[in-house]
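Below is one structure, written out as C-alpha cells; the observations come after it.
Keep in mind that what you see is a predicted model, and the values were worked out from it rather than measured. In what follows, every chain begins at residue 1, and chains take the letters A, B, ... in the order their sequences are listed.
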Number of protein chains: 2
Amino acid sequence: MRLNASVALCLLTSAANALPQPQQPAATATLPSEPASDTAAASSQLDELSKYAQSLANSSLTSSKRAACNIANVAIRREWGSLSNKERKAYTDAVLCLQAKKARYPTSIFPGVRSRFDDFVGTHINQTTFIHYTGTFLAWHRYFTYEYEQSLRNECGYTGYQPYWDWSKTAASGLTKSPILDGSQFSMSGDGEFVSGKGNVVLGGNGLPDLPLPPGSGGGCVKSGPFKDMKVNLGPVALALTDGTTVSNGDGLGYNPRCLKRDLTDAINQRFANASSVVSLILKNKNIYDFQMVMQGIPGSGSIGVHGGGHYAMGGDPGRDVFTSPGDPLFYLHHGMIDRTWWIWQLLDQKERTGAKGISGTGTFLNTPPSANTTLETPIDLGLAAGTVVKMKDLMSTTAGPFCYIYL
Amino acid sequence: MRLNASVALCLLTSAANALPQPQQPAATATLPSEPASDTAAASSQLDELSKYAQSLANSSLTSSKRAACNIANVAIRREWGSLSNKERKAYTDAVLCLQAKKARYPTSIFPGVRSRFDDFVGTHINQTTFIHYTGTFLAWHRYFTYEYEQSLRNECGYTGYQPYWDWSKTAASGLTKSPILDGSQFSMSGDGEFVSGKGNVVLGGNGLPDLPLPPGSGGGCVKSGPFKDMKVNLGPVALALTDGTTVSNGDGLGYNPRCLKRDLTDAINQRFANASSVVSLILKNKNIYDFQMVMQGIPGSGSIGVHGGGHYAMGGDPGRDVFTSPGDPLFYLHHGMIDRTWWIWQLLDQKERTGAKGISGTGTFLNTPPSANTTLETPIDLGLAAGTVVKMKDLMSTTAGPFCYIYL
C-alpha cells in the first residue's frame with residue numbers, strides 16, 4: 001500500500017492503438033469560448049474541444065520509443081458507442097471475470113466482499129468522505145478508474161482500455177436507446193424492471209433547500225444484458241430512495257447480496273449532463289475550485305453537476321448511493337467521462353492546471369471536519385484494491401507522469 | 001468483525017469492586033434543576049447528580065448472581081485521583097504493554113500500525129467521519145473505550161477498570177497540578193516541554209467564524225512519567241497547529257513515528273469543561289440532539305463543548321487532531337468522562353434516554369454527505385481493533401445490555 005511509492009504504472013504497449021501522426025495543435029483562437037445553449041451546437045463544440053485536447057496531447061508525446069510514454073504506446077480510451085460488439089463484449093466479459101475472482105480484502109476487514117470487483121467497491125465506500133468535495137476528488141477517481149482498468153487487463157485478460165460514457169450522447173438519444181444502456185448483450189445492461197408509483201428522490205438536508213429529482217423508467221432489478229445476474233454485495237450507506245428517504249446498512253461493508261437495480265432517468269441526464277452542461281463546465285470555470293465544484297454541484301445551488309447528473313441518471317441501487325456507487329459497473333464508464341472532461345479542461349491550460357494550481361481543497365468532504373489542504377505531495381492510497389501509494393503529483397497528467405493514456 | 005453479532009460482552013467479576021448495598025434512589029425533587037454558575041457550587045451539584053445516578057444504577061441491579069450483570073459483578077470505573085499509586089501504575093503499565101504488543105491490523109491495511117494500541121488509533125482514524133456529530137457518537141465511543149479497557153484486562157493482565165479524567169477537578173486545580181497530569185510516575189505523564197512564541201490554534205472554516213483557542217504551557221515532547229518514551233506512529237490527518245494552520249500526512253494511516261506532544265491549556269479546560277459546563281450540559285439539555293450537540297459544540301456557536309474542551313485542553317500532537325486523538329493515552333480517560341456524563345444524563349430519564357428516543361442523527365459528520373438516520377439497529381463495528389459487530393441497542397445502557405459497569 002504505502003510501502004513502494006515509486007513504481008512506474010505505465011507498462012502499456014499496443015501498436016494497434018497507435019495514434020495518427022502528431023499534428024500541430026489548432027490555435028486556441030479557433031476554439032469555442034462561449035458555450036452554446038443549443039445542445040446540438042454544444043455537441044459540436046465538445047467535439048472541437050476534444051479534438052483540440054487530442055492534438056495537444058498528441059503533440060506533447062514523443063515518437064521516441066525510449067520515452068516511457070510515447071506516441072506508439074499511449075493507450076486510447078474510447079466512447080462505448082465507437083467500440084465494436086466484440087470489443088464491448090471483451091470489456092463486459094472482463095468485468096464478469098473480476099466479479100468471479102477472489103477478493104484480496106479478507107472478510108475480517110471488509111466482511112461483505114466476495115470478489116475482486118468488490119475490493120474496489122469496498123475501498124470507495126471506506127474512503128467516500130475523503131474523496132468527494134475534497135482536493136483529491138478528480139485525481140483519486142482518475143487513479144481508481146485506472147487501477148480498475150489495469151485489473152481488467154492484468155487479471156482478466158482484457159486487451160482494450162477503459163471505455164467511457166459520453167452523457168451528452170445519451171442526453172440526445174435517450175438512455176435506453178443508446179448502445180451503452182439498450183440492454184442488449186453488447187451493452188452495459190439496461191434499465192431495471194419498471195416499478196410503478198415511484199415518488200421523487202430528495203437531495204438536500206443540513207438546512208439546504210430540498211432538491212427533488214424525478215424517478216426514472218425502471219426502478220427494479222436489471223433483467224437483461226451482461227449484468228442481469230450480478231449481485232451487489234456491499235452497501236448501502238446513503239441510498240436515496242424514490243420515497244424521499246435514505247437508507248443504510250451500517251457502514252456498508254457487511255454482506256448484503258441483492259440484485260443490481262437501475263432507474264434510468266433521461267430527465268436527469270438531459271437536465272444536468274447534456275452537451276451544453278459539459279461545454280459550459282469546461283469553458284466557464286477557469287480555476288480548479290470552480291471547475292470541480294460546478295462538476296460536483298455546489299450544495300444548495302439546485303445543480304448536481306455533470307458528476308451527479310451521471311450518477312442519478314443511472315439511478316437505482318447502488319447508483320443513488322454516493323458511497324456504494326462503484327457497485328454498478330457503469331460507474332467506471334461514468335468516471336471515464338468525468339476524467340475525460342477534466343483531461344480536456346487541463347489541456348486547455350496545461351501548465352496551470354496540471355501543477356500545484358490545479359489542486360484546490362482539503363482532505364475532507366466540504367472540509368467537514370476541517371482538515372489540511374491537499375497538495376502535490378498528498379498521498380493517495382487505494383488500499384488492497386490495487387496499486388501502490390502514489391502522490392497527487394503523479395496523478396495530475398495522463399501522459400507526463402506514470403500514466404500513459406489519452407481520450408479519443 | 002461483522003460475523004458473530006451476538007456475544008455477551010460482560011464477563012466481568014470482581015468481588016473487590018462490589019458496591020455498597022442497594023439504596024432507594026434519592027427523590028429527583030432534591031436534585032439540582034438549575035446549574036450553578038459558581039464552579040464550586042456546580043461541583044457539589046455534579047457530586048449530587050453522580051450520586052443520584054449511582055443510586056439509580058445500584059437499585060436497578062439485582063443481587064441475584066444468576067443475572068448476567070448484578071450487584072456483585074458490576075465493574076466500577078473511578079476517577080484517576082481516587083486511585084492508589086499502585087492502581088495508577090497498574091493502569092499505565094497495561095497501556096505500555098498494549099503499546100508493546102503486536103498489532104492485529106496487517107500493514108497492508110493500516111501501513112503505520114506498530115502495536116495493539118495502534119489498532120485502536122487506526123480504527124478511530126478510519127471511522128472519524130462516521131462517529132463524530134453523528135447518531136453513533138456517544139455509543140461508538142462507549143464501545144471503543146470499553147473494548148480498550150477489555151484489551152488492557154484480557155491481553156495485558158490489568159485487573160482494574162477504565163479510570164476517568166474529571167475535567168471539573170482539573171479546571172479547579174490546574175492541569176499540571178492534578179494527579180492525572182503532574183508528570184510523576186503515577187500520572188498519565190504531564191505537559192510537553194515548553195515551547196515559546198506559540199500563537200493561537202484556530203478552529204472554524206467553511207464560512208463559520210474563526211474560533212481562536214489559546215496555546216498552553218507546553219507544546220513540545222512529553223518528557224516525564226510513564227509515556228515519556230512512547231511513539232505516536234499514526235496521523236496526523238487534521239492536526240491544528242499553534243500558527244493557525246492545519247497539517248496532515250495523507251489519510252494518517254502511514255508510519256510516521258514521533259514523540260507524544262502535549263500543550264496543557266488550563267484556559268481551555270476552565271472555559272469549556274469546568275463543573276458548571278458539565279452540570280449545565282446535563283441539566284439544560286432535555287433531548288439527545290441538544291445534549292450531544294452541546295457536548296461536542298454547535299459549529300459556529302463559539303463553544304467546543306466539554307468534548308472539545310477536554311481534547312483541546314490536552315493540546316499537542318495528536319491531542320489537537322480529531323482523527324488521531326486516541327494516539328494520546330489520555331484519550332481514554334477523557335472519553336471515560338464523556339461516557340460518565342452521558343451515563344448520568346441517561347439515568348435522569350432512563351426510559352426515554354436509553355431507547356430509540358435516546359438516539360438522534362445520521363451516519364455522517366454533521367450529515368455531510370447526507371445519510372440515513374441512526375437507529376437502535378444500526379451496527380457498530382470496531383474492525384480488527386476489538387469486539388464483535390454490535391448494534392446501537394446493545395450500547396445504550398451500561399448495565400442492561402452486554403455491558404456491566406457503572407461510575408463512582
Side-chain angles (χ1 to χ4, degrees), chain A residues 1-3 104-112 126-130 132-133 136 202-206 208 236-240 245-255 299 321-323 362-375 377-381 383-384 389 391-392, chain B residues 1-3 104-112 126-130 132-133 136 202-206 208 236-240 245-255 299 321-323 362-375 377-381 383-384 389 391-392:
Chain A
M1 313 251 303
R2 195 170 286 268
L3 305 174
R104 286 187 191 167
Y105 271 105
T107 52
S108 59
I109 303 295
F110 291 165
N126 194 43
Q127 297 193 32
T128 291
T129 55
F130 305 104
H132 300 94
Y133 291 101
T136 58
V202 181
L203 308 184
N206 298 340
L208 297 176
V237 181
L239 180 65
T245 67
T246 300
V247 293
S248 76
N249 180 36
D251 64 10
L253 296 169
Y255 185 49
D321 179 355
V322 61
F323 290 79
T362 71
T364 41
F365 197 109
L366 291 171
N367 196 32
T368 305
S371 58
N373 286 332
T374 304
T375 71
E377 299 301 321
T378 299
I380 302 288
D381 183 348
L384 290 190
V389 178
K391 292 187 170 180
M392 281 292 292
Chain B
M1 313 249 303
R2 195 169 287 268
L3 304 175
R104 287 189 190 165
Y105 272 104
T107 51
S108 59
I109 303 294
F110 291 166
N126 195 43
Q127 297 194 32
T128 290
T129 55
F130 305 103
H132 300 94
Y133 290 100
T136 58
V202 180
L203 308 183
N206 297 342
L208 297 175
V237 181
L239 180 65
T245 66
T246 300
V247 294
S248 76
N249 181 35
D251 62 12
L253 296 169
Y255 185 49
D321 179 356
V322 61
F323 290 79
T362 71
T364 41
F365 197 109
L366 291 170
N367 196 33
T368 305
S371 58
N373 286 332
T374 304
T375 71
E377 300 300 321
T378 299
I380 302 288
D381 184 347
L384 290 191
V389 178
K391 292 187 170 180
M392 280 292 291

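For A:Phe365, the parts lying under 4.5 angstrom from a heavy atom of chain B are both the backbone and the side chain. For chain A, the nearby part of B:Thr364 is the side chain; its heavy atoms alone come within less than 4.5 Å. The contact between B:Val322 and chain A is made entirely by side chain atoms (from C-beta outward), counting heavy-atom distances below 4.5 Å.
Contact tally against chain A (heavy-atom pairs below 4.5 Å) for B:Thr375, B:Thr246, B:Thr378: the top residue is B:Thr246. Among A:Ala238, A:Ser371, A:Pro236, A:Ala372, the residue making the largest number of heavy-atom pairs under 4.5 Å with chain B is A:Ala372.
Separation of atoms CG (B:Leu366) and CG (A:Leu366) is listed at 11.0 Å; rounding is to 0.5 Å. Here CD of A:Gln127 is found 10.5 Å from OG1 of B:Thr129. Values are rounded to the nearest 0.5 Å.
Within the 4.5 Å cutoff, the side chain of B:Asp381 has no heavy atoms near those of the A:Leu253 side chain. A:Pro369 has its side chain out of reach of B:Tyr133: every pair of non-hydrogen atoms, C-beta onward, lies at least 4.5 Å apart.
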